[in-house]
Amino acid sequence: MSGSDRARWAGQWALITGASAGIGEAIAGELAAAGAHLVVTARRADRLGALASRLRSKHGSRVEVFQADLRQPGAARAIFAFTTGKGLEVELLVNNAGFGAFGYFQEISSERLLEMVQVNCTAVVELTRLYVPGMVERRHGDILIVASTAAFQAVPFISAYAATKAFDLIFAEGIAEELRPFGIRVCALCPGSTNTEFQSVAKQPDRAFRFAETAEKVARVGLKGLARGETCVISGARNRWMIASERVAPRNLIAKMAAKMMHPEDARKGG
Ligand SMILES: NC(=O)c1ccc[n+]([C@@H]2O[C@H](COP(=O)([O-])OP(=O)(O)OC[C@H]3O[C@@H](n4cnc5c(N)ncnc54)[C@H](OP(=O)(O)O)[C@@H]3O)[C@@H](O)[C@H]2O)c1
């Protein structure tokens with residue numbers, strides 16, 4: 001992010017979900033360096049506490065920690081109650097928390113799949129719905145929604161995950177237009193493979209992460225895109241090229257190619 005992009009959030013409060021690791025933690029670091037105050041949330045309170053101490057001492061930021069499990073239906077409301085209870089005006093909402101589940105659809109438990117929909121989609125809609133009215137009233141506010149390059153096509157063997165990310169992308173692009181007249185900017189950040197804990201949580205094979213980017217780079221791309229009023233940013237030239245080339249190919253061909261690349265049997269052979 002350039003100095004002028006960063007300046008937008010100096011002295012403002014940003015709420016980041018999934019700030020205990022990966023892209024969310026990197027976004028927190030970028031925003032703290034830009035002079036923003038932070039509310040960080042995730043399940044691992046120890047990680048959040050360590051992050052808060054680090055950012056306070058390095059940047060002098062005000063950092064509030066709130067532990068929440070977004071698999072729980074009441075979690076979004078609890079986060080909102082925490083920030084309103086403290087009188088914090090959230091200028092930037094970062095819907096980043098999310099996870100994937102790799103494998104044959106029938107081998108992933110129903111519970112895990114539905115938790116994924118809850119965290120990746122339902123909680124995103126709920127948190128956004130809670131914070132938007134205040135932003136509309138103030139006539140300003142920013143929302144970053146972390147989608148994925150998986151949002152642009154079917155991805156067999158992470159089919160449900162890719163569908164949750166397609167939801168995030170379409171949701172973000174839709175409300176970006178609805179909310180623009182109210183001074184609110186919304187951007188979908190679409191990373192490709194990124195070196196975070198995502199791969200081990202999703203149990204995804206290494207080969208999908210050969211060209212992985214760093215979380216810090218992805219965080220900068222997302223915040224810069226949002227600051228510049230873009231409604232969708234894809235991180236990485238290689239990823240942008242891949243998505244552009246998919247647009248001209250038949251959808252079933254793309255899905256077949258993705259199935260070949262993601263196939264668990266190849267993963268077992270170490271492919
Ligand atoms: N890494 C990639 O290759 C990649 C690519 C495209 C998109 N993305 C997206 O980027 C976002 C961030 O993922 P990441 O790559 O940074 O993965 P990560 O390192 O695994 O971080 C995921 C974050 O989400 C939080 N989270 C997961 N389940 C949660 C729950 N039930 N309640 C509250 N927080 C929860 C985790 O915190 P706790 O475990 O402490 O709760 C953690 O802070 C996700 O939305 C993911 O879909 C990642």
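Atoms within a ligand are numbered from 1 in the order they appear, just like the ligands themselves.
Counting only distance, with no hydrogens or angles, the side chain of Thr231 and the backbone of Cys187 share no donor-acceptor pair below 3.5 Å. Judged by distance alone, with hydrogens and angles left aside, the side-chain atoms of Arg56 form a donor-acceptor pair with the main-chain N or O of Val63 at under 3.5 Å. Between the side chain of Thr194 and the backbone N or O of Gly192 there is at least one donor-acceptor pair closer than 3.5 Å. Judged purely by atom type and a 3.5 angstrom limit, Lys203 has no side-chain atom pairing as donor or acceptor with the backbone of Gly100. Formation of a donor-acceptor pair under 3.5 Å by the Arg220 side chain with backbone atoms of Glu30 is not found in this model. Checking side-chain atoms of Arg207 against main-chain N and O of Met261 turns up a donor-acceptor pair under 3.5 Å.
Under a 4.0 Å N-O distance rule, the pair Glu126/Arg129 does not qualify as a salt bridge.
Scanning all protein heavy atoms for the shortest distance to atom 10 (O) of ligand 1 gives Val146 CG1, 3.3 Å. Counting protein heavy atoms only, atom 19 (O) of ligand 1 is closest to Glu197 N, 3.0 Å. Summary of contacts: the protein heavy atom closest to atom 39 (O) of ligand 1 is Arg43 NH2, 2.9 Å. For atom 33 (C) of ligand 1, the closest non-hydrogen atom of the protein is Ala68 O, 3.4 Å. Protein heavy atom nearest atom 17 (O) of ligand 1, with residue, atom name and distance: Thr196 OG1, 3.4 Å. The shortest contact between atom 3 (O) of ligand 1 and any protein heavy atom is with Thr194 N, 2.8 Å. From the protein, the heavy atom lying nearest to atom 31 (N) of ligand 1 is Asp69 OD1, 2.9 Å. The nearest heavy-atom contact from the protein to atom 20 (O) of ligand 1 is Phe198 N, 3.4 Å.
Atoms of ligand 1 found under 4.0 Å from any heavy atom of Pro191 (numbered from 1 in listed order, with element): 5 (C), 6 (C), 7 (C). In summary, the atoms of ligand 1 found under 4.0 Å from a heavy atom of Arg44, numbered by their order in the structure, are 37 (O), 38 (P), 39 (O), 40 (O). For ligand 1 and Gly22, the ligand atoms under 4.0 Å from any heavy atom of the residue are 16 (O), 19 (O). Close contacts between ligand 1 and Ser20 involve ligand atoms 36 (C), 37 (O), 38 (P), 40 (O), 42 (C), 43 (O) [criterion: under 4.0 Å to a heavy atom]. Ligand 1 places these atoms under 4.0 Å from at least one heavy atom of Arg71: 31 (N). Close contacts between ligand 1 and Ala19 involve ligand atoms 43 (O) [criterion: under 4.0 Å to a heavy atom]. Numbered from 1 in the order shown, with element, the atoms of ligand 1 that lie under 4.0 Å from a heavy atom of Ser193 read 3 (O). Atoms of ligand 1 lying under 4.0 Å from at least one heavy atom of Val119, given by number and element, are 31 (N).
Looking at residues two or more places apart in sequence or on another chain, you find a ring-ring contact (aromatic ring centres under 6.0 Å, His included) between His37 and Trp13. Checked against salt bridge (Lys or Arg N to Asp or Glu O under 4.0 Å), Arg138 has the following partners two or more places apart in sequence or in another chain: Glu89.
Taking all heavy atoms of Val94, Asn96, Leu70, Ile27 into account, the minimum distance to atom 32 (N) of ligand 1 is reached by Leu70. For atom 22 (C) of ligand 1, the nearest non-hydrogen atom from the set Ala21, Ala97, Ala75, Gly98 comes from Gly98.
Ile234 and Phe167 are not part of a single hydrophobic cluster, where members link through side-chain heavy atoms under 4.5 Å apart.
With a heavy-atom cut-off of 4.0 Å, Ala150 does not touch ligand 1 at all.
Relative ring orientation between Phe80 and Tyr131 is described as perpendicular, the plane-to-plane angle rising above 60° on a 0-90° scale split at 30° and 60°. Using cut-offs of 30° and 60° on the angle between ring planes, the pair Tyr104 and Phe157 is perpendicular.
Smallest separation of non-hydrogen atoms from Gly222 and Leu189: CA-CD1, 3.6 Å. Across all their heavy atoms, Asn120 and Ala97 have their closest contact at OD1-O, 4.4 Å. Scanning both residues, Arg44 and Ser20, for their nearest heavy atoms gives NH2-OG, 3.6 Å.
Within the 4.0 Å heavy-atom shell around ligand 1 one finds Gly192. Every heavy atom of Ala215 sits 4.0 Å or more from the atoms of ligand 1. The closest approach between Lys165 and ligand 1 falls below 4.0 Å for a heavy atom of the residue.
Considering backbone and side-chain atoms together, Gly18 places an N or O closer than 3.5 Å to an N or O of ligand 1. Between Tyr161 and ligand 1, an N or O atom pair is found at a separation short of 3.5 Å. The shortest N/O to N/O separation between Thr149 and ligand 1 does not fall below 3.5 Å.
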